Amino acid sequence: MNKPVLTIVVPCYNEEEVLPETMKQLLHLLEQLIAEKLISRQSKLLFVDDGSKDQTWQLIYKASLQHETVKGVKLSSNVGHQNALLAGLFAAKSVSDCIVSIDADLQDDISIIREFVQKFHEGYEIVYGVRKKRNTDTFFKRYTAQGFYKLMKAMGVNVVYNHADYRLMSRRAVEELERFEEVNLFLRGIVPLLGFRSTVVYYDRKERLAGETKYPLKKMIAFALDGITSFSITPIRFISIIGFISFFVSLIFGMYFIFLKFTGHTQTGWTSLIMSIWLLGGLQLIAFGLIGEYIGKIYKETKRRPRYIVDIDLLNLPLRANHSSPMTEENMYVDVKRLFESN
Ligand code: UDP
Ligand code: MG
């Protein structure tokens, strides 16, 4: 079997403090993986400079002159972690069989990239790195981050728990990802949507090697809001539901208010006043919800997401008759991957 070309994509924003060490460690790992014959010699490190204001790009550029395996992409301005990551994935995809994305601060254990690649060899197309525990994060970071996953779940966004953007994707998966043309691309929600054969590898999260987090609370909240609003119309549903509830409550109260009026327990004018407040309030909320539903539809249409993604298509990928190995499900996936690669 051909050894796959691996590209490790690293988005970097003002990471001059940590970058030299990151490069050293990743280069070392890449050499090991090549020596172990797990990946091809063509494998690369791709650093994406997300409009840094420090020496980040200079470091990347110099390293690329020294090492053939180091490449860089410089974005013209700061577009945020998610977009920088996408830029890296799409730049890498044409020259790679699989792509690993990892943060520049090496908080994520790089040694499990070996397991990522092994899983890829077994025919998995997406491998998620999932943190076991967060005892190295600050108390605050840990709780805000956990709240983030819970909120996403409650809002109906399917994300992998405790998985940030540390993952391996096959070239095919990245190509499908490219078909999601929405501008507000929330990767952690989209990648599970891709489907494909995927699995999880666990690791311990470490502390940042150097420098400070580029994700302060403000950015985290913006990120969560972005995730929710680009994936779910649950908030709109809430409005409709509240509208319906208050409308029905108003009907019940209405009868009670009329009862009060005829038993003479009210001031003149109070019944009509209170009833119009309740009824109109409920009706208005329903109307908002209804309009919201249509806006939700428009919003889904404008995304132009692919309606389906083909996993295996035997029409265009006929399996060879002379299998060397028995036809099990495991082998089928490895086989399909091999055929896809040779195409
Ligand atoms: N990053 C980026 N652009 C930004 C902010 C961050 O490319 O606008 C990169 C950053 O260099 C790092 C990764 O995204 O490689 C994750 O950032 P950080 O480690 O600060 O986030 P945290 O781990 O604290 O959530
Ligand atoms: Mg970090």
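Counting from 1, the numbers follow the sequence of the chain as shown. These figures come from a predicted structure and were not determined experimentally. Side chains are part of it too, since the values below use all heavy atoms of this structure and drop only hydrogens, waters and symmetry mates. Counting convention: from 1, in listed order, for ligands and their atoms alike.
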- Message: Regarding Glu122 and Gln118, do their side chains bring together a donor and an acceptor under 3.5 Å, going by distance alone?
- Response: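 Side-chain D/A pair, Glu122 to Gln118: absent.
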Closest approach of any protein heavy atom to [atom], naming residue and atom:
atom: atom 20 (O) of ligand 1; value: Lys214 N, 2.4 Å
atom: atom 21 (O) of ligand 1; value: Tyr215 CD1, 3.3 Å
atom: atom 1 (N) of ligand 1; value: Tyr13 CB, 3.7 Å
atom: atom 19 (O) of ligand 1; value: Asp105 OD2, 2.6 Å
atom: atom 18 (P) of ligand 1; value: Arg208 NH2, 3.4 Å

- Counting heavy atoms only, which part of Ala104 comes closer than 4.0 Å to ligand 1: side chain, backbone, both or neither?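 The part of Ala104 near ligand 1 is both the backbone and the side chain.
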- Message: Heavy-atom distances under 4.0 Å decide this one: backbone, side chain, both or neither, for Leu85 against ligand 1?
- Response: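 The answer is neither; Leu85 stays 4.0 Å or more away.
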- Check: Glu16 main-chain N/O paired with Asp54 side-chain donor or acceptor under 3.5 Å: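 Confirmed, Asp54 side chain pairs with Glu16 backbone.
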- Message: Quick check against the 3.5 Å criterion: does Thr56 have a side-chain atom that pairs as donor or acceptor with the backbone of Glu15?
- Response: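 Side chain of Thr56 to backbone of Glu15: a pair is present.
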- Item | Residue Asp103, metal the Mg ion (ligand 2), N/O/S under 2.8 Å |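 Looking at Asp103, which is the residue asked about, there is no N, O or S atom under 2.8 Å from the Mg ion (ligand 2).
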Check whether any side-chain heavy atom of [X] lies under 4.5 Å from a side-chain heavy atom of [Y], and answer yes or no.
X: Ile190; Y: Glu182; value: yes
X: Leu45; Y: Met23; value: no
X: Val127; Y: Arg167; value: no
X: Arg237; Y: Glu293; value: yes

- Item | Nearest option to atom 23 (O) of ligand 1, as decided by whichever heavy atom of Glu15, Gln107, His81, Lys219 sits closest |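 Minimum heavy-atom distance to atom 23 (O) of ligand 1 goes to Gln107.
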- Should you measure from each heavy atom of Asn78, which atoms of ligand 1 turn up under 4.0 Å away?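 Taking each heavy atom of Asn78 in turn, ligand 1 has 3 (N), 4 (C), 8 (O) under 4.0 Å.
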- Task: Any atoms of ligand 1 less than 4.0 Å from a non-hydrogen atom of Asp50? List them with their elements.
- Result: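 Near Asp50, meaning under 4.0 Å from one of its heavy atoms, ligand 1 has 2 (C), 3 (N), 4 (C), 7 (O), 8 (O).
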- Task: Report yes if some N/O of Pro11 lies less than 3.5 Å from some N/O of ligand 1; otherwise report no.
- Result: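 In this structure, Pro11 places an N or O atom under 3.5 Å from an N or O of ligand 1.
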- Tyr124 six-ring face occupied by Arg197 cation (under 6.0 Å, within 45°):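 Flagged: Arg197 positioned over aromatic ring of Tyr124.
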- Query: For the Mg ion (ligand 2), what is the closest N, O or S atom on Asp105?
  - Reply: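 Minimum-distance N/O/S atom of Asp105 relative to the Mg ion (ligand 2) is OD2.
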